[in-house]
**Q** 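I have a structure here, written as structure tokens, and I will follow up with some questions on it.
Note: hydrogens, waters and symmetry copies are ignored here, and every other heavy atom, side chains too, is used. Both ligands and their constituent atoms are indexed starting at 1 by order of listing. In what follows, residues are counted from 1 in the order of the sequence shown.
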Amino acid sequence: MLGSLRSIVQQVNTARDLPSALDIIVRRVRDVMQTRVCSVYLRDKHSGNYVLMATQGLNQDAVGQVHMAPGEGLVGNVATREEPINLEHAEAHPAFQYFPATGEERFSAFLGTPIIHHRSVLGVLVVQQAERRRFDEGEEAFLVTLSAQLAGVIAHAEATGALATMGQQRNEAKFSGLAASPGIAIGRAHIVAPPANLATVPFACAMDVDAELALFQQALSAARSEIREVGERLKGELNKEERALFDAYISMLDDSSIAVEVCERIRQKLTASRAWAEVMLEHVRRFEAMSDSYFRDRAADVRDLGARVLMHLRQQEQSQRDYPNNTILIGEELTASVLADVPREKLAGLVSVKGSGNSHVAILARAMGVPAVMGAQDLPWEQIDGVDMIVDGYRGSLHLQPGPELRRHYEAIVAEERELARNLDHLAQLPGETADGHRIRLWVNTGLMADVVRSLERGAEGVGLYRTEVPFLLRDRFPSEEEQREIYREQLEAFAPRPVTMRTLDIGGDKALTYFPIEETNPFLGWRGIRVTLDHPEIFLGQVRAMMKASLGLDNLRIMLPMVTGVSEVEAARKLVDRAYDELLDEGYAIKRPPLGIMIEVPSAVYQCRELSKRVDFMSVGSNDLTQYLLAVDRNNSRVASIYHSLHPSVLQALLQVVTACHETSTKVGICGEVAGSPGGALLLVAMGYDVLSMNATNLPRVKAALREVNKSDLDRLLQQVLKMESPEQIEEKLQGYLQDLGIGGLMQPQQTETSSDS
Ligand code: PEP
Ligand code: MG
């Protein structure tokens with residue numbers, strides 16, 4: 001059964017469109033389960049009814065004609081109950097409805113399972129049999145498993161279908177994801193695809209067929225020389241069979257039938273890379289479907305060869321590609337390094353199929369003030385290169401090919417946003433304090449050079465977190481000590497005499513360096529932050545030396561350690577910092593010893609806060625990771641993003657415990673997770689007694705505006721009420737209401753009205 005399951009899903013995955021996907025499903029399931037009938041009903045988005053979309057065994061004329069409302073008939077019942085219905089004699093069931101068009105009076109046994117995607121019922125998969133018998137447990141389990149696996153594929157195929165109609169009728173299409181960085185972007189999609197993945201080459205039309213043909217020939221000959229070269233180099237180390245593989249690659253590249261097929265598709269106006277990917281994937285599938293295991297194994301070779309040529313094609317395409325104004329970057333999994341490729345003035349928005357609002361790329365997008373939607377799982381992203389679109393970073397929605405009405409609506413919001421920002425401009429010169437004079441340090445989180453100007457313009461009083469891994473992410477090797485010194489000097493100089501907290505390298509998790517790959521099954525629980533740098537003292541020492549050298553004459557450096565789990569790590573790191581400092585003194589640098597602090601972002605550190613605080617000069621809570629570890633929710637996983645809450649009652653208890661412990665040992669404590677940058681979160685943190693709130697420059701004016709409206713004594717009352725609440729939803733609602741009552745609800749987002757497409 002497992003084999004059949006896999007092969008059905010694989011085949012459906014490669015279907016060109018929704019009708020062919022459904023056709024494969026009904027044919028294959030009927031064969032595998034040896035039933036008389038297999039049908040798929042899908043929910044019609046407009047009417048909400050379930051419509052027969054494909055069948056094997058029922059009258060074909062009934063396709064598109066049979067509709068059932070939720071709760072109506074057996075199919076409607078499967079949908080509303082969201083569980084299988086398995087009947088020996090369907091007609092005897094009170095919900096049974098007879099549809100003459102289907103000719104189904106001949107069938108008795110009925111098994112229907114719901115097709116559920118992201119908690120919503122997309123449709124129902126049904127098998128039927130003429131004789132009276134109950135489908136056995138194994139059959140029921142098979143259909144349930146298959147429906148669960150097919151749900152995502154069907155949703156994707158439906159979305160692609162919506163897109164195809166959109167192309168013909170110039171209709172708008174809407175997709176949803178997670179609101180990851182606030183704001184509205186109106187622009188044009190620009191796809192970023194991994195360079196060597198045949199399956200993710202965007203669908204795009206060739207502008208200049210001759211140029212694409214030439215590009216293809218160049219890529220073929222570049223790949224040929226590369227393979228020959230590698231083959232030559234490894235000659236002595238390979239046995240005969242392995243050498244034969246290189247010859248096989250060359251002869252495949254010389255195979256004129258493949259080249260002819262590709263050129264044919266280019267002439268039909270596909271880009272060279274798309275044409276090549278389509279042809280090679282068809283060959284891969286043909287090999288994969290062969291019964292002989294030797295030939296099946298060759299599929300991997302064909303894929304590998306395809307990827308090599310594709311790499312050349314994409315390198316040449318990228319070098320010729322220009323970013324248009326208002327670029328909206330779209331990819332399956334965008335990373336921080338992609339951001340650096342696009343000139344800031346041209347970058348309007350970001351969309352990623354994977355990831356969530358807590359992924360690092362989203363954090364950077366917020367810092368840069370670039371609207372972003374993450375986790376747009378159903379977006380057929382490979383097919384929308386060059387399409388006009390709107391990114392709504394407040395609601396997490398995407399509108400493709402927006403009509404004039406929708407455009408006007410969003411242009412009005414953009415104007416409102418500008419007005420809101422202008423109204424906050426004057427705050428830059430005013431201190432961060434409550435209406436009754438309680439002073440609070442409002443610092444910024446930085447990483448990119450662009451953050452510096454924005455932060456200073458907005459009146460930042462210091463840097464609470466400089467993410468040193470950002471410059472590391474944007475390179476193709478570790479920066480040298482001198483290169484690092486120059487980068488750090490720029491930060492320290494720009495903010496001097498204000499304090500700048502530099503965090504030592506925090507790689508691992510979702511921050512991977514291309515030149516230092518870390519392959520782990522569970523990266524957020526693995527080799528991350530201080531764990532990596534303590535294992536590589538040469539990297540750690542080089543970095544802290546560079547930081548301290550950079551602070552020469554400025555003396556505004558603070559060094560901070562990420563991902564601390566226990567005291568021994570702090571002691572080991574302190575020894576290294578002391579060693580680097582002594583070395584620099586010996587080398588003649590007259591530097592002040594920088595304060596050393598740690599981040600509290602692992603639950604063990606919360607419980608050992610007192611012990612840790614005695615060993616350091618300051619603490620800063622990393623609530624992004626602390627939330628992830630306390631709630632056991634991967635911050636990068638869009639599937640569980642709805643249960644990631646930095647204002648969860650358990651997180652608030654932890655935050656309170658940290659501030660209490662730190663103040664008992666007179667250690668200054670700040671917070672640099674994203675929660676500090678939300679006006680509601682900031683109010684609670686001030687009430688708890690946090691000394692420093694560090695946030696991105698975009699949010700700083702909003703938080704300052706909120707704080708200047710309230711009295712500390714009122715916040716203390718608010719905190720007491722919130723601490724009694726039992727769910728994050730209650731807390732979020734309470735804070736929203738509180739800001740609204742103060743007349744500053746608009747700080748959260750512009751007062752936009754519902755759009756017609758929201759309904
Ligand atoms: C945090 O975890 O809250 C934090 C500020 O660090 P980062 O988001 O870079 O992991
Ligand atoms: Mg962190």
**Q** For Arg639, does the CZ atom sit with more than 12 other heavy atoms under 6.0 Å from it, leaving out its own atoms?
**A**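 It does not: Arg639 CZ has 12 such atoms or fewer within range.
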**Q** Between Met560 and ligand 1, find which residue part has any heavy-atom pair under 4.0 Å and reply side chain, backbone, both or neither.
**A** neither
**Q** What about His536 and Phe516, are their ring centers closer than 6.0 Å?
**A** yes
**Q** Does Arg503 have a non-hydrogen atom less than 4.0 Å from ligand 1?
**A**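 Flag set, Arg503 near ligand 1.
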**Q** Could you pull out the atom name of the N/O/S atom in Asp625 that is nearest the Mg ion (ligand 2)?
**A** OD2
**Q** If you look at every heavy atom in Ile671 and Leu655, which pair is closest and at what distance?
**A**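 Answer, listing the atom of Ile671 first, then Leu655: CD1-CD2, 4.0 Å.
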**Q** With atoms numbered from 1 as shown, which atoms in ligand 1 lie under 4.0 angstrom from a non-hydrogen atom of Cys672?
**A** 5 (C)
**Q** Using a strict cut-off of less than 4.0 Å between a Lys/Arg side-chain nitrogen and an Asp/Glu carboxylate oxygen, indicate whether Arg635 and Asp625 qualify as a salt bridge.
**A** yes
**Q** How are the rings of His190 and Tyr323 set to each other: parallel, tilted or perpendicular (split at 30° and 60°)?
**A**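 The rings of His190 and Tyr323 sit tilted, inter-plane angle from 30° to 60°.
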**Q** Need the ligand 1 atom indices (1-based, order shown) with element for anything under 4.0 Å from a heavy-atom of Gly622.
**A** 1 (C), 2 (O), 3 (O)
**Q** Can you list the ligand 1 atoms lying under 4.0 Å from a non-hydrogen atom of Leu465?
**A**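 This gives 5 (C) as the contact atoms.
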**Q** Would Lys549 and Leu584 count as a side-chain contact (heavy atoms from CB on, under 4.5 Å) if you check the C-alpha gap in whole Å, the side-chain angles of each, and the deciding distance to 0.1 Å?
**A** CA-CA 8 Å; Lys549 277 190 198 168; Leu584 290 175; 3.8 Å; yes
**Q** Any nitrogen or oxygen of Glu469 lying under 3.5 Å from a nitrogen or oxygen in ligand 1? Just yes or no.
**A** no
**Q** Heavy-atom distances under 4.0 Å are what count here, so tell me which part of Arg467 touches ligand 1: side chain, backbone, both or neither.
**A**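 It is the side chain that touches ligand 1; the backbone stays farther off.
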**Q** As a quick check of understanding, evaluate side-chain contact (heavy atoms from CB on, under 4.5 Å) for Phe495 and Leu456, giving each step before the final call.
**A** CA-CA 8 Å; Phe495 284 96; Leu456 292 171; 3.8 Å; yes
**Q** Apply the test side-chain contact (heavy atoms from CB on, under 4.5 Å) to residues Glu433 and Arg708: give CA-CA distance (whole Å), side-chain angles for both, the deciding distance (0.1 Å), then the verdict.
**A** CA-CA 6 Å; Glu433 59 183 14; Arg708 293 181 60 85; 3.9 Å; yes
**Q** Is Arg717 paired with Asp714 through a side-chain N to carboxylate O contact shorter than 4.0 Å?
**A**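 So Asp714 pairs with Arg717 through a salt bridge.
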**Q** Could you tell me whether any N, O or S atom belonging to Glu601 is less than 2.8 Å from the Mg ion (ligand 2)?
**A**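 Yes, within the cut-off.
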**Q** At a 4.0 Å threshold, what atoms of ligand 1 neighbour a non-hydrogen atom of Ile363?
**A** 8 (O)
**Q** Looking at atom 7 (P) of ligand 1, what's its closest protein heavy atom, distance included?
**A** His360 NE2, 3.2 Å
**Q** Heavy-atom distance to atom 10 (O) of ligand 1: which of Arg635, Met695, Glu601 wins?
**A** Arg635
**Q** In ligand 1, which numbered atoms sit nearer than 4.0 Å to a non-hydrogen atom of Gly673?
**A**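 Taking each heavy atom of Gly673 in turn, ligand 1 has 3 (O) under 4.0 Å.
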